[in-house]
Structures are given as structure tokens and as C-alpha cells.
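Structure first, then comments.
What you see is a predicted model; the values in this text were computed from it and never measured. Just so we're on the same page: letters track the sequence lines, and every chain starts at 1.
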Amino acid sequence: MKLTLREIASHVGGKVFGDPKILISGVSEIQSCVQGTITFLSNPKYRKYLAETQADAIFVSDEKQLTDKNGILVTNPQLAMAQTLGLFYPETQSKPFIHELSTIDSNAEIGKNVTIESGGVIQTGAKIGDGSTIGSNTVIGSNVIIGKNCRINANVTIYYNTKIGDNCLIHSGTSIGCDGFGFVTHEGIHEKIPQTGNVEIGNDVEIGSNCAIDRATIGTTSIGDMTKMDNLVHIAHNVKVGKGCLITAGFAIAGSSEIGEFCTFAGQVGVAPHVKIGPNSIFAAKSGVTKSLKGGKVYAGYPAREIKEHNKRDALLNEIGRLRKKLDQLAQDRVEK
Amino acid sequence: MKLTLREIASHVGGKVFGDPKILISGVSEIQSCVQGTITFLSNPKYRKYLAETQADAIFVSDEKQLTDKNGILVTNPQLAMAQTLGLFYPETQSKPFIHELSTIDSNAEIGKNVTIESGGVIQTGAKIGDGSTIGSNTVIGSNVIIGKNCRINANVTIYYNTKIGDNCLIHSGTSIGCDGFGFVTHEGIHEKIPQTGNVEIGNDVEIGSNCAIDRATIGTTSIGDMTKMDNLVHIAHNVKVGKGCLITAGFAIAGSSEIGEFCTFAGQVGVAPHVKIGPNSIFAAKSGVTKSLKGGKVYAGYPAREIKEHNKRDALLNEIGRLRKKLDQLAQDRVEK
Amino acid sequence: MKLTLREIASHVGGKVFGDPKILISGVSEIQSCVQGTITFLSNPKYRKYLAETQADAIFVSDEKQLTDKNGILVTNPQLAMAQTLGLFYPETQSKPFIHELSTIDSNAEIGKNVTIESGGVIQTGAKIGDGSTIGSNTVIGSNVIIGKNCRINANVTIYYNTKIGDNCLIHSGTSIGCDGFGFVTHEGIHEKIPQTGNVEIGNDVEIGSNCAIDRATIGTTSIGDMTKMDNLVHIAHNVKVGKGCLITAGFAIAGSSEIGEFCTFAGQVGVAPHVKIGPNSIFAAKSGVTKSLKGGKVYAGYPAREIKEHNKRDALLNEIGRLRKKLDQLAQDRVEK
């Protein structure tokens with residue numbers, strides 16, 4: 001499949017510089033470009049690769065970056081790249097099927113155009129919305145409701161009573177609705193607190209591989225619309241995650257904490273139980289949130305502080321050597337007097 | 001299902017305040033109470049919700065907290081809540097069955113009243129104790145022994161020769177008995193050390209989703225009775241975990257280390273190889289244990305220290321600014337003299 | 001099975017001290033030795049167990065350690081132990097079979113002597129090399145290529161287009177080729193960047209349980225020959241891991257970063273996106289790599305620094321108390337003058 005530069009520009013709403021008739025056969029990364037492809041300049045770290053790129057065209061946000069090269073001027077080169085990838089790799093819609101080695105309870109409701117792959121299990125009372133796909137060996141528990149056009153990949157487990165909205169994508173190995181970690185210790189015995197609530201996931205949510213989202217003790221653990229989670233993320237019982245959050249791999253949040261909308265977490269962040277994080281917060285990797293924090297700020301460290309304060313504390317360490325020297329000098333002067 | 005306040009009080013061994021005949025239909029959380037329910041006051045953080053709660057009754061440990069409300073006075077409101085949840089959500093015992101799409105080796109021994117769900121696999125020589133349930137697409141390896149009344153949820157893998165006691169609950173995606181991470185590097189080649197031991201898990205153990213517990217190189221990796229693990233926990237080869245430990249999500253312990261009984265680990269803690277942790281230790285989140293530690297203390301930080309010492313070190317940083325100011329003043333005085 | 005000390009020595013290329021005819025029935029750990037076995041002394045921490053060991057023989061690297069005991073002198077006692085374990089626990093090669101409850105697409109290519117266990121799924125266009133085993137309920141996606149003599153254990157998911165070399169071992173619950181975490185936020189919407197690349201894994205690679213390795217956005221996420229990964233490891237899209245790396249549990253590396261050959265990572269290390277780590281680097285547990293680092297050094301801390309520098313900074317904190325005391329003394333002297 002080949003497209004002219006003009007066709008691509010028209011698709012992404014950009015302006016062609018250079019020859020609009022050249023043929024492009026794919027997208028490549030700027031640091032390892034392939035002839036015949038279009039690349040993009042987004043992360044400034046990669047500007048150094050611009051001069052020697054083998055790509056035939058470049059998405060840029062500043063026409064000066066093109067010098068004498070063919071390219072397309074757009075507001076957001078990364079978005080244009082994503083849209084162009086979608087052109088070259090359109091989502092293939094295979095014909096829906098229910099595999100003969102799947103297990104569908106007679107009390108389950110399966111919508112139109114649903115695919116259930118080999119080994120998929122749909123338990124009693126579950127409802128699978130129109131156009132959704134249940135991957136191989138994935139288990140959908142009793143009374144689970146899955147919306148329309150979801151893709152639940154292979155080897156996922158969704159426990160009973162979980163609700164999942166439309167257009168969700170859940171990756172392999174993830175477990176949703178498992179018991180919250182709740183015990184009350186009485187006379188040396190850890191008594192289990194029955195985990196009687198459920199998990200509710202909004203629309204347009206993506207969840208990576210090998211995540212674990214616990215059901216609520218009472219009520220609901222909820223994940224807001226359009227929140228995206230990376231791999232190996234842990235969400236404890238009764239947590240509320242707002243809409244549009246971006247949660248990177250290795251994140252763990254303890255019971256009953258709440259995250260406002262559009263928060264971003266870099267890798268391996270931890271959040272203590274019973275805290276509230278305001279909307280639009282950003283957390284550096286490995287931060288540890290120990291108390292409630294207002295939104296709209298960038299935080300780092302453990303305990304997590306505003307990043308300016310965190311950096312200032314970090315810099316203090318460097319000052320100790322200087323202080324020691326000055327102090328030694330002062331003491332020396334005194335003796336010599 | 002509705003119960004009178006008197007019936008609930010009788011079940012939990014508490015004393016009714018107010019009207020013993022009011023009907024209660026469930027349990028709710030104090031911060032989001034529903035009419036007709038009983039709630040509980042345990043975490044002092046939530047005391048502020050007491051005045052405006054919509055719940056019809058409250059479990060309290062101090063009758064003064066009730067003012068004019070209906071309630072039940074108990075020693076441990078959280079325990080009473082757990083017991084009451086058990087009343088409203090009794091464990092349902094479905095009729096045992098062996099699904100036709102399960103695979104049971106002819107040399108496996110299946111006890112009485114065992115359920116094997118669709119896609120469950122029981123390999124040669126495995127024994128499943130009376131009353132246990134093997135979830136959908138869960139794989140029980142050869143010569144595994146599972147005790148009575150266990151529930152192994154969907155998509156779990158238990159490798160050959162593992163032993164699991166009675167009344168254990170294992171959540172989806174967990175892998176038990178996988179190879180320890182053991183290599184010896186010889187002339188530039190990482191030679192695999194055969195992992196010939198096994199894993200043994202006591203009675204009344206709960207293990208969360210997507211955990212990994214490695215088999216021993218030689219001998220046994222062991223998890224003590226009544227130990228409870230959250231999600232995404234890693235236990236390396238030859239580790240010994242004592243009884244009654246509470247291990248929160250994201251915990252990782254390296255090879256051959258030992259944990260005494262009744263230790264508690266908050267989230268994302270790490271433990272180095274070949275160390276011993278004494279009984280009744282408590283670790284703050286994200287601690288890193290680098291050497292053996294006596295029991296009975298609270299530890300924090302990396303390297304983990306007693307929390308008093310840890311906090312003192314942390315406070316030292318704040319002092320640098322003050323020292324600098326004082327030093328500058330002293331130097332200034334000298335010049336002016 | 002019993003072997004004489006002479007037979008074992010001959011197998012590992014060592015020299016017998018004491019009686020070469022004694023019979024050995026297995027290998028045991030020095031701290032919990034069993035009569036009739038051979039043990040080994042490798043970690044100096046365990047030297048204290050030498051005097052009272054019940055083992056009948058010991059692998060040592062220094063004949064003085066034997067005193068009056070039977071033993072075998074070798075260059076590398078741990079290697080000798082690994083080789084001897086291999087003698088006592090030879091890899092059993094069961095007769096290959098394709099289980100009737102597996103699902104193999106008619107367009108898949110299955111090599112000679114391949115085993116597909118119950119519930120295994122091989123999708124269209126996939127190729128399984130000679131002598132490989134696909135575990136129960138493991139899902140091999142379309143067009144995946146798996147080399148010779150691999151063992152993919154139970155409940156693994158390998159997404160479409162992934163390539164895996166020869167002699168690889170992949171443990172349960174691991175997910176390979178899942179989507180990279182790539183979104184571009186445009187007018188408040190997190191648009192998904194199509195993840196169109198794949199994952200390629202070299203020869204002799206071992207991957208632990210519940211790991212997640214993301215496919216590349218464009219191009220390939222690659223894992224070099226003979227790299228070994230522990231459990232719960234996250235590898236993001238477009239990452240390149242060199243050959244011979246040892247990656248311990250809880251490791252997470254962000255998108256497009258590169259690791260040189262023969263690097264070693266202790267537990268719970270994190271690596272930021274778009275950085276390069278030179279070959280032969282070693283990282284202490286919980287390190288956080290925030291920028292590119294040259295190879296051949298030992299690093300620790302967050303941000304990761306050379307360990308000497310890291311330790312120096314850590315020691316600075318201890319100096320604050322001393323400085324304060326000296327400063328107070330100086331100020332006091334001044335006043336008294």
C-alpha cells in the first residue's frame with residue numbers, strides 16, 4: 001500500500017512542503033528511518049537525527065525544520081504520525097465467530113457480532129455487548145456486563161458483577177474484580193472482610209497486561225472514562241480513579257484512595273490508602289503519595305512534594321560539603337588569632 | 001433480606017442503643033451511606049462523616065459517638081462490619097460439578113464435592129482435596145497436592161510438586177512454583193541452575209492476583225499458615241515466610257530470605273537476598289531491607305532503619321538551611337569586627 | 001539414584017579429597033543439609049554452617065575448607081552444584097503429544113516432536129519449531145514464530161507477529177507483544193497511537209512469570225540472546241535489551257530505552273524513557289535511571305549515580321549533626337569572649 005504525500009496531508013489536515021506526489025509506504029522512527037517512509041519530529045532529543053534521515057518525508061510543527069526536505073507541516077507531529085499509522089494499519093475486523101471450544105452459559109446474553117475465541121468462558125447472567133471480542137481462554141464471571149465494541153484479549157479474568165463500558169481494550173493476564181485485601185485481626189486471627197462490592201469501568205478505557213483491579217469491600221471500585229493504564233498496575237478496593245488519567249507501569253494505589261481527573265503518573269508510583277489527589281496532578285516516577293494533595297501541580301519524591309520543593313531538598317545535600325569547609329576555615333581563623 | 005438491629009447485635013455480640021426493632025438491609029460506608037443500612041466508625045479520619053450520615057445505625061466502639069443515633073456498641077467496629085457483611089452476603093455453595101471441557105488426568109485424585117470449571121486442567125498425580133474448587137482455565141501441575149475447601153480462581157497456574165494446605169484462596173493470574181531465578185555465569189555463559197525444589201503453602205493462606213512464587217532450587221519455598229498476600233507480590237526461590245504475615249501489593253523478596261511470623265509489609269517493599277527479618281516487624285511502604293533485622297519494630301526507608309532513626313535522618317535535611325544562615329552570620333560578624 | 005563421589009567429580013571436572021567411593025544421593029543446602037548428600041560452599045555468609053554440616057561431601061574452591069571432610073575441589077562450587085543437580089534431576093522428555101482440547105488453526109505450522117497441552121491455542125500463520133512445548137491454556141497469536149526446543153509454560157499469551165528464538169523458556173502468566181502505552185492527547189482526548197510493530201526475542205532467553213513485554217509502536221522491541229528475566233518485569237514499547245542481561249523481579253523500563261549487553265539489575269529498578277545504558281552496568285535494587293549512563297560501572301540510588309558518589313551523598317547526612325555541634329560551639333565561644 002502506497003499513498004502520496006498529498007493524500008497523507010489531506011488525512012491529517014497538514015500542509016505539504018516539497019513534492020506532493022511522492023509515494024509513501026509507511027511510517028518509520030526518525031532514529032532508524034527506512035527509505036520510502038514518512039517520519040516525524042516530536043521529541044526534541046531526536047532533532048539530531050533530522051539531517052541524516054533516510055525517510056522521504058517528515059511531519060514537522062515548524063517548516064524551518066524541513067530545510068530542503070519533503071514534509072508535512074502540522075500542529076502536532078505525533079498526532080499526525082498516529083493518524084498516518086492508522087491509515088497504513090487499518091483495524092481489521094474479522095468475521096465474528098463463537099468458537100466451539102468456548103463455554104457460554106445458557107443464561108448469558110451475547111450481543112450481535114460478538115466473537116468468543118477458543119477457550120473463552122462466559123458465566124451465568126453475563127452480558128457481552130454488540131461487536132465485542134472475548135479472547136482465547138478469557139473468563140467472564142457471572143453477571144458481568146461488558147459494553148459494545150470492547151476487546152478483552154486472551155487469558156484475562158473478569159470476576160462476577162464487574163461492569164465495563166463501551167470501546168474498552170483490556171490486555172492479557174489482567175484480573176478485574178478480585179477480592180480487595182481486607183482483613184481485621186482479632187485475637188491473633190486475620191478474619192477476612194467479605195468483599196461484597198464490585199468494579200465499574202467507564203467507556204474508552206485501556207488496561208495493560210497483568211494488572212489487578214480489586215472489587216470494593218462495599219460499593220464500587222471505579223475507573224473513569226478514557227483512563228489509560230499501562231502494565232502491572234495495582235488498584236485496591238474502593239479506589240476511585242477519575243476520567244482521562246494516564247497511569248504508567250508498576251503503579252500501586254492502596255484502598256479507598258481517590259484520584260481526580262486527568263492525572264498522570266510515571267512508573268512505579270505508590271499511593272497510600274485513604275488519600276485524595278486533585279485533578280491534573282503529575283507525578284514523577286517512583287513518587288510515594290502519603291497524604292492528600294491539591295491538583296494542578298507536579299509532584300516528586302517520597303513523601304511526594306511539589307517538585308520545586310523536592311528539588312530544593314535534594315540540592316541541600318550538595319551544600320553540606322561547602323558548609324563544612326567554611327566552618328572549618330572559620331574555626332581555624334579563630335585558633336590562629 | 002432485612003434484619004433487625006437486635007438480630008445483628010446478637011450476631012456480632014454487641015449492645016443495641018436506640019430502637020432494636022428497626023430493619024437493616026445491608027452495610028454501607030460512612031462516607032457514602034445509604035438509607036436503611038448500618039455503617040461503622042473505625043478509621044478516625046472518617047469521624048467527620050458521622051453527623052450527616054444517612055445510615056439508620058452505626059457500629060461504634062464508644063457510645064458517645066452515637067449521640068441520638070441508633071447503633072451497636074462493639075469492641076471492634078471493623079470486625080462487626082465484617083461479620084455483618086457475612087450475614088448479608090453468605091458464601092454461596094453451588095452444587096459441585098466437573099465441567100466437560102476440563103481435563104483431568106487419569107492418575108489424578110479428585111476428592112469429594114470438588115468443582116472443576118471449564119478449561120481447568122489437572123495433571124498426572126495431582127490430588128484435589130474435598131470441597132475445593134478449581135477455576136476456569138486454571139492449570140494444576142503434576143503431583144500438586146491441594147487441601148480441603150480451597151478456592152483456586154480462574155487462570156491460575158500451579159507448577160508440579162507444589163503443596164497447598166486447607167482453606168486457601170488463590171486469585172486469578174497467579175503463578176506458583178515457577179522456576180527460581182538462578183544462574184551461574186561461567187566463561188560468559190549464564191548456566192541455568194536446575195530448580196529442583198518445590199513450594200509449600202500452609203492452611204488459611206490467601207494470595208492475590210498476578211503474584212509469582214518461585215520453587216526452591218533445592219528444598220522448599222514456604223508460606224506459613226494464615227499469611228495473606230495482596231496482588232503482584234514476588235516471592236523468590238527458597239524464601240521462608242512465617243505464619244500470619246500481611247504482605248501488601250508490589251512486594252518483592254529475593255532468594256533465600258526469611259520472614260518471621262506476623263510481619264506486616266506496606267506496598268512496594270523490597271527485601272534483599274539472604275536476610276532474616278524477625279517476627280512482628282512492620283515496614284512502611286517502599287522500604288528496602290538490605291540486612292537482617294530484629295523483630296518487633298517499625299522500619300522505614302532504604303536501607304530500612306527503625307522508623308525513629310529514619311525520621312530523624314529525614315529531618316536533618318531541614319536543618320541545613322538553618323545551619324547555613326547561622327554560619328553566614330558568624331562569618332559576617334567576624335569580618336565586621 | 002546414587003552416584004559415587006568419583007563419578008560426580010568426573011562429571012564436574014573436580015578433584016576428590018577423601019573417599020572417592022562414598023555414595024551420594026542428592027544435593028542439599030549447607031544450612032539444612034541431609035545425610036547422604038553433597039553440599040557446596042559458595043556464599044561466604046554460609047561458611048559458619050561448614051563445621052556442623054550433616055552432608056557427606058562438599059564442593060569447595062579451597063581444599064583447606066574441607067579439613068577432614070570428604071569433598072570435591074572445583075574452581076566454581078556453585079557451577080559444580082548446578083551440574084550435579086542436572087545429574088540427579090535430568091530433564092525428562094515426555095513423549096510429544098497434541099491434546100485433543102487444544103486448538104490449532106489449519107494455517108499454523110507445527111514442527112516435529114512438538115507438544116501442545118490441553119487448552120493450548122495456536123492461531124493462523126503461527127509456526128512452532130521442532131521440539132517445542134506449548135503449555136496448557138497458553139495462547140500463541142497469529143503469525144508468531146517460535147524456535148526450536150522452547151518451553152512456553154501454561155497460561156502465557158504471545159500476541160501476533162512476535163518472534164522467539166531457540167531454547168527459550170517462558171513462565172506462566174507472561175504476556176508478550178501486548179500494546180505499547182502510547183497516546184497523544186489532542187483537545188482533551190487521549191488518542192491511541194496504533195502499536196504496529198512487534199517483539200523479537202533471541203535464543204536461550206528465559207522470562208519469568210507474569211512479565212509484560214510490549215510490542216513496538218513502529219519497528220521492534222527486542223530482547224537479546226541469553227538474557228534472563230525474573231518475574232513481574234515490564235518492558236515497554238521499542239525497548240532494546242542487549243544480550244546476556246540479568247533482570248531481577250519488579251524491574252520496569254519505559255519506552256524506547258536501550259540496555260547494553262551483560263547488564264545486571266537488582267530488584268525493583270526503574271528506567272526512564274529514551275535513555276541508553278552502556279554494557280556491563282550493574283544496578284543496585286530500587287535504582288531509578290533518569291539519564292543515559294556509560295557502561296562498566298556500578299550504580300545506585302534515584303537518580304542513579306555511580307555507587308561511590310551515591311554512598312558519599314548518603315554519608316553527608318550523617319555529617320549534619322557534627323556540623324551543628326561545631327557551629328554551636330563556635331558561636332558560643334564568640335559570645336563568651
Please examine the side chains of [Y] and [X], heavy atoms only from C-beta on, and report whether any two atoms are closer than 4.5 Å.
{"X": "C:Thr217", "Y": "A:Leu85", "answer": "yes"}
{"X": "A:Glu29", "Y": "C:Asn238", "answer": "yes"}
{"X": "A:Val233", "Y": "C:His234", "answer": "no"}
{"X": "A:Glu206", "Y": "C:His190", "answer": "no"}
{"X": "A:Leu327", "Y": "C:Leu323", "answer": "yes"}

Find the one option among [options] whose heavy-atom pairs under 4.5 Å with chain C are most numerous.
{"options": "A:Ala154, A:Ser42, A:Gly135", "value": "A:Ala154"}
{"options": "A:Ser209, A:Gly119, A:Gly86", "value": "A:Ser209"}
{"options": "A:Ala266, A:Gly244, A:Gly250", "value": "A:Gly244"}
{"options": "A:Asn43, A:Val27, A:Asn137", "value": "A:Asn137"}
{"options": "A:Asp204, A:Val34, A:Thr248, A:Asn153", "value": "A:Asn153"}
{"options": "A:Gly267, A:Ala82, A:Ser172", "value": "A:Ser172"}

Nearest atoms (heavy-atom pairs only) where [X] meets [Y]:
{"X": "A:Met226", "Y": "C:Gly188", "answer": "CE-O, 3.2 Å"}
{"X": "A:Lys286", "Y": "C:Lys286", "answer": "NZ-O, 3.5 Å"}
{"X": "C:Gly270", "Y": "A:Gln268", "answer": "CA-OE1, 3.4 Å"}
{"X": "A:Ala285", "Y": "C:Tyr302", "answer": "O-OH, 2.7 Å"}
{"X": "A:Asp230", "Y": "C:Phe181", "answer": "N-CE1, 3.4 Å"}

C:Lys163 atom NZ, neighbour heavy-atom count above 12 within 6.0 Å: no
For C:Lys276, I'd like to know if atom NZ has over 12 heavy atoms of other residues, nucleotides or ligands within 6.0 Å. no
To the nearest 0.5 Å, what is the distance between [atom1] ([X]) and [atom2] ([Y])?
{"X": "A:Phe40", "Y": "C:Ile218", "atom1": "CZ", "atom2": "CD1", "result": "5.5 Å"}
{"X": "A:Asp314", "Y": "C:Arg313", "atom1": "CG", "atom2": "CZ", "result": "5.0 Å"}
{"X": "C:Lys192", "Y": "A:Glu91", "atom1": "NZ", "atom2": "CD", "result": "8.5 Å"}

Is [X] close to chain C through its backbone or its side chain, or both, or neither, when contacts mean heavy atoms under 4.5 Å?
{"X": "A:Met229", "result": "backbone"}
{"X": "A:Leu169", "result": "side chain"}
{"X": "A:Leu232", "result": "side chain"}
{"X": "A:Tyr46", "result": "side chain"}
{"X": "A:Leu87", "result": "neither"}
{"X": "A:Asn76", "result": "side chain"}

Kindly list each side-chain donor-acceptor pair under 3.5 angstrom involving residues 100-107 of chain C, sequence neighbours excluded, with atom names and distances?
residue	atom	partner	partner atom	Å
C:Ser102	OG	C:His99	O	2.6
C:Thr103	OG1	A:Ser118	OG	2.6
C:Asp105	OD1	C:Asn107	N	2.7

Counting heavy-atom pairs closer than 4.5 Å to chain A, which one of C:Cys178, C:Ala236, C:Ala216, C:Ala254 comes out on top? C:Cys178
Any idea which of C:Thr196, C:Val139, C:Val121, C:Thr157 has the most non-hydrogen atom pairs under 4.5 angstrom with chain A? C:Thr196
Would you say the side-chain atoms of [X] pair up with the backbone N or O of [Y], donor to acceptor, closer than 3.5 Å?
{"X": "A:Asn210", "Y": "C:Gly173", "result": "yes"}
{"X": "C:Asn155", "Y": "A:Asn155", "result": "no"}
{"X": "C:Glu191", "Y": "A:Gln83", "result": "no"}

Heavy-atom distances under 4.5 Å only: say whether [X] touches chain A with side chain, backbone, both or neither.
{"X": "C:His274", "value": "both"}
{"X": "C:Val156", "value": "backbone"}
{"X": "C:Thr290", "value": "neither"}

Going by the angle between their ring planes, with limits at 30° and 60°, are A:His171 and C:Tyr159 parallel, tilted or perpendicular? tilted
Judged by modelled atom types alone, do A:Asn231 and C:Asp214 share a side-chain donor-acceptor pair under 3.5 Å? yes
In chain order, what residues pass the salt bridge (charged side-chain N to carboxylate O under 4.0 Å, His left out) check against C:Lys326, with sequence neighbours excluded? A:Asp328
